[in-house]
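Data block below; observations after.
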Amino acid sequence: MEQITLEPIARVSGEVNVPGSKSLSNRALLLAALSEGTTTVTNLLDSDDIRYMLTALEELGVTYTLNEDKTVCEVQGLAGGFSKTGRLSLFLGNAGTAMRPLCAALAASDVQVELTGEPRMEERPIRDLVDSLRQAGANITYVKEEGYPPLSIEGKMLHGGTIDVDGSVSSQFLTALLMAAPLFGDATRIRIKGNLVSKPYIDITLDTMAKFGVMVENHDYAEFYISAGQRYRSPGHFMVEGDASSASYFLAAGAIKGGTVRVTGVGKDSVQGDIRFAEVLEKMGAKVTWHEEYIEVSGAHLKSVDMDMNHIPDAAMTIATTALFAEGTTCIRNIFNWRVKETDRLHAMATELKKVGAEVEEGDDYICITPPTSLNHAQIDTYNDHRIAMCFSLVALSDTPVTINDPGCTAKTFPDYFERFKRLYSDNN
Ligand SMILES: O=C(O)C1=C[C@@H](OP(=O)(O)O)[C@@H](O)[C@H](O)C1
Ligand SMILES: C=C(OP(=O)(O)O)C(=O)O
């Protein structure tokens with residue numbers, strides 16, 4: 001197994017431009033494919049999750065060209081759903097933003113397809129989405145275990161109407177329904193059951209749909225209405241913002257060992273909820289400058305926080321390792337769905353934080369972290385979870401090295417993370 005050891009880092013400062021947002025890249029590619037007209041997507045993320053979407057679209061008959069560094073993609077829209085004869089099998093790795101939205105769009109298309117993924121994808125729930133699509137008439141069956149991929153889909157015209165969806169496990173189910181709704185035969189009313197999690201991702205969905213010409217009525221995140229007859233139309237050009245979750249590691253580094261770190265590619269008006277990670281750093285005592293073009297963080301004495309972080313589930317993991325540098329006990333609450341992502345993140349984070357010496361309380365839906373007086377040098381297991389690899393790189397901002405097992409797992413969303421992280425301190429140490 002590959003490993004990387006980061007030696008203690010005395011100081012960080014400088015500017016980092018983060019790669020394109022995973023959430024926006026996969027939404028834009030799918031909607032460009034369903035649109036009338038050609039869309040040029042720029043600042044596209046080049047990572048595993050996006051490659052799975054691109055490969056699936058190609059196999060579904062979508063024509064596109066990619067530039068050399070794969071950050072510009074010109075997509076010829078289909079002006080409606082997918083249509084392909086013969087049975088297809090599409091492998092989607094562990095990309096939730098490909099599996100869930102494609103499931104809905106394909107259920108409403110003229111295709112016969114099996115959706116498969118990595119072993120962990122077969123443990124990630126999808127029942128709430130399948131149940132809601134079945135209300136619209138979808139024909140989807142579970143190939144192995146009930147409620148989980150792989151899925152066999154006999155696509156057909158879905159009727160829309162009133163659909164209930166449980167939003168308490170993943171917002172991606174609602175995102176998938178919303179994006180597919182313009183393919184349905186009728187107007188669609190979506191009613192949310194349970195407490196909708198990760199709400200800001202719905203804002204990303206609605207904003208992207210609006211850029212592709214489809215308007216959704218949002219009744220306080222409890223009910224959504226998509227009127228009949230709306231069709232996706234290419235905006236011509238779609239610029240993907242930098243990834244706000246990827247920004248969190250650099251911003252946290254600035255708060256812990258700045259100097260000042262400026263992250264460009266995302267700014268105060270970003271559509272991504274994860275920019276609110278910087279508000280948590282502010283609460284912990286860091287100085288944050290919010291600009292249209294960048295977010296900048298300077299180091300300070302950090303103190304603990306006790307917060308509901310349901311709105312920033314991905315960036316909240318970065319708070320768990322930032323907590324190692326804060327005075328007092330930090331609690332991250334209302335994060336039950338950490339357990340159904342790339343790994344059981346609640347348990348994995350608790351296990352790895354204990355290895356570096358932290359005192360950790362792992363609750364059903366929360367984690368509390370009390371830092372030790374000095375950190376241990378540990379080998380961090382990453383469970384094929386890119387975010388565990390990235391957030392534990394922050395341990396090197398102490399006076400102890402850190403060894404990260406399988407650092408290549410960052411390829412899911414940030415293939416050259418460790419090179420970019422090193423650039424922040426190689427000029428300063
Ligand atoms: O819609 C999206 O782009 C995402 C939604 C979130 O998932 P949940 O809604 O399952 O929390 C987030 O964790 C994931 O990385 C991306
Ligand atoms: C939860 C994540 O991914 P996915 O889009 O596969 O759900 C993530 O990137 O942290």
Side-chain angles (χ1 to χ4, degrees), residues 19-31 45 47-53 92-104 117-118 120-129 149 165-179 192 194-209 221 240-241 243-249 271-274 276-277 309-318 320 334-346 348-349 365 382-391 409-415 417:
S21 149
K22 168 197 76 170
S23 295
L24 283 163
S25 293
N26 271 353
R27 281 168 174 76
L29 288 173
L30 178 58
L31 297 192
L45 173 63
S47 79
D48 285 355
D49 277 12
I50 310 312
R51 216 183 46 251
Y52 290 124
M53 174 63 90
L92 302 175
N94 193 10
T97 56
M99 176 62 79
R100 281 76 181 257
L102 277 172
C103 168
E118 288 171 13
R120 175 61 182 169
M121 186 55 104
E122 299 189 359
E123 297 172 350
R124 297 184 67 186
I126 199 159
R127 186 193 299 276
D128 295 333
L129 174 60
V165 65
D166 192 315
S168 61
V169 172
S170 170
S171 69
Q172 292 178 0
F173 304 148
L174 173 58
T175 281
L177 275 179
L178 287 165
M179 293 206 292
I192 309 304
N195 284 331
L196 177 61
V197 294
S198 309
K199 259 190 208 154
Y201 287 94
I202 299 307
D203 298 333
I204 301 182
T205 303
L206 300 183
D207 191 75
T208 311
M209 289 174 69
Y221 300 90
V240 175
E241 293 179 1
D243 193 297
S245 320
S246 299
S248 71
Y249 313 104
V271 67
Q272 298 168 76
D274 265 10
R276 295 182 59 194
F277 168 81
M309 296 198 200
N310 191 277
H311 62 301
I312 53 167
D314 295 355
M317 290 173 75
T318 315
N334 198 9
I335 46 160
F336 173 80
N337 81 353
W338 272 21
R339 294 196 185 275
V340 293
K341 297 192 186 241
E342 279 73 339
T343 183
D344 176 344
R345 286 176 165 173
L346 256 162
M349 289 300 288
D365 68 346
T382 49
Y383 311 83
N384 209 13
D385 184 342
H386 54 141
R387 297 200 193 284
I388 295 188
M390 294 190 279
C391 67
C409 69
T410 67
K412 187 175 194 282
T413 57
F414 203 158
Y417 171 73

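Just follow the structure's listing: the first ligand is 1, and inside any ligand the first atom is 1.
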Near [X], which atoms of ligand 1 are under 4.0 Å from a heavy atom of that residue?
| X | answer |
| --- | --- |
| Asn337 | 8 (P), 10 (O), 11 (O) |
| Ser23 | 2 (C), 3 (O), 16 (C) |
| Ser198 | 8 (P), 9 (O), 11 (O) |
| Ser170 | 8 (P), 9 (O), 10 (O) |
| Thr97 | 2 (C), 3 (O) |

(request) Sort out for me which residue in Thr97, Leu45, Thr413 forms a side-chain contact (heavy atoms from CB on, under 4.5 Å) with Ile50. (result)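 Answer after filtering Thr97, Leu45, Thr413: Leu45.
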(message) So if I apply the side-chain contact (heavy atoms from CB on, under 4.5 Å) rule between Arg124 and each of Val169, Asn94, Val340, which one comes out positive?
(response)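 One option only clears the test, and that one is Asn94.
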(message) With a sphere of 6.0 Å drawn around CG of Asp207, does it hold more than 12 non-hydrogen atoms of other residues, nucleotides or ligands?
(response) yes
(request) Could you tell me whether the side chain of Ser21 and the main chain of Leu24 form a donor-acceptor pair under 3.5 Å? (result)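 Side chain of Ser21 to backbone of Leu24, a donor-acceptor pair under 3.5 Å: yes, one is there.
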(message) Treating Arg27 as the side-chain partner and Pro101 as the backbone partner, does any N or O pair qualify as donor plus acceptor under 3.5 Å?
(response) no
Return the residue, atom name and 0.1 Å-rounded distance of the protein heavy atom closest to [atom].
| atom | result |
| --- | --- |
| atom 9 (O) of ligand 1 | Ser171 OG, 2.5 Å |
| atom 12 (C) of ligand 1 | Asp314 OD2, 3.4 Å |
| atom 1 (O) of ligand 1 | Arg27 NH2, 2.7 Å |

(request) Could you tell me the separation between the OH atom of Tyr221 and the CG atom of Asp203, rounded to the nearest 0.5 Å? (result) 3.5 Å
(request) Using the side-chain contact (heavy atoms from CB on, under 4.5 Å) rule, take Met349 and Cys391 through it: C-alpha gap first, then chi angles, then the decisive distance, then the call. (result) CA-CA 10 Å; Met349 289 300 288; Cys391 67; 3.7 Å; yes
(request) List the steps, then state whether salt bridge (charged side-chain N to carboxylate O under 4.0 Å, His left out) holds for Glu342 with Lys412. (result) CA-CA 10 Å; Glu342 279 73 339; Lys412 187 175 194 282; 2.9 Å; yes
(message) Could you work out, with side chain to side chain donor-acceptor pair (under 3.5 Å) as the rule, every residue matching Asp365, not counting sequence neighbours?
(response) none
(request) Might you list the protein residues in contact with ligand 2, defined as having a heavy atom under 4.0 Å from one of its atoms, sorted by chain and number? (result)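 Within the 4.0 Å shell of ligand 2, which is judged on heavy atoms, sit Lys22, Asn94, Ala95, Gly96, Thr97, Arg124, Gln172, Asp314, Lys341, Glu342, Arg345, His386, Arg387, Lys412.
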(request) Please determine if Asp314 and Arg345 form a salt bridge, counting it only when a charged side-chain N lies under 4.0 Å from a carboxylate O. (result)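 A salt bridge links Asp314 with Arg345.
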(request) Give yes if a backbone or side-chain nitrogen or oxygen of Lys341 is under 3.5 Å from a nitrogen or oxygen of ligand 1, and no if not. (result) yes
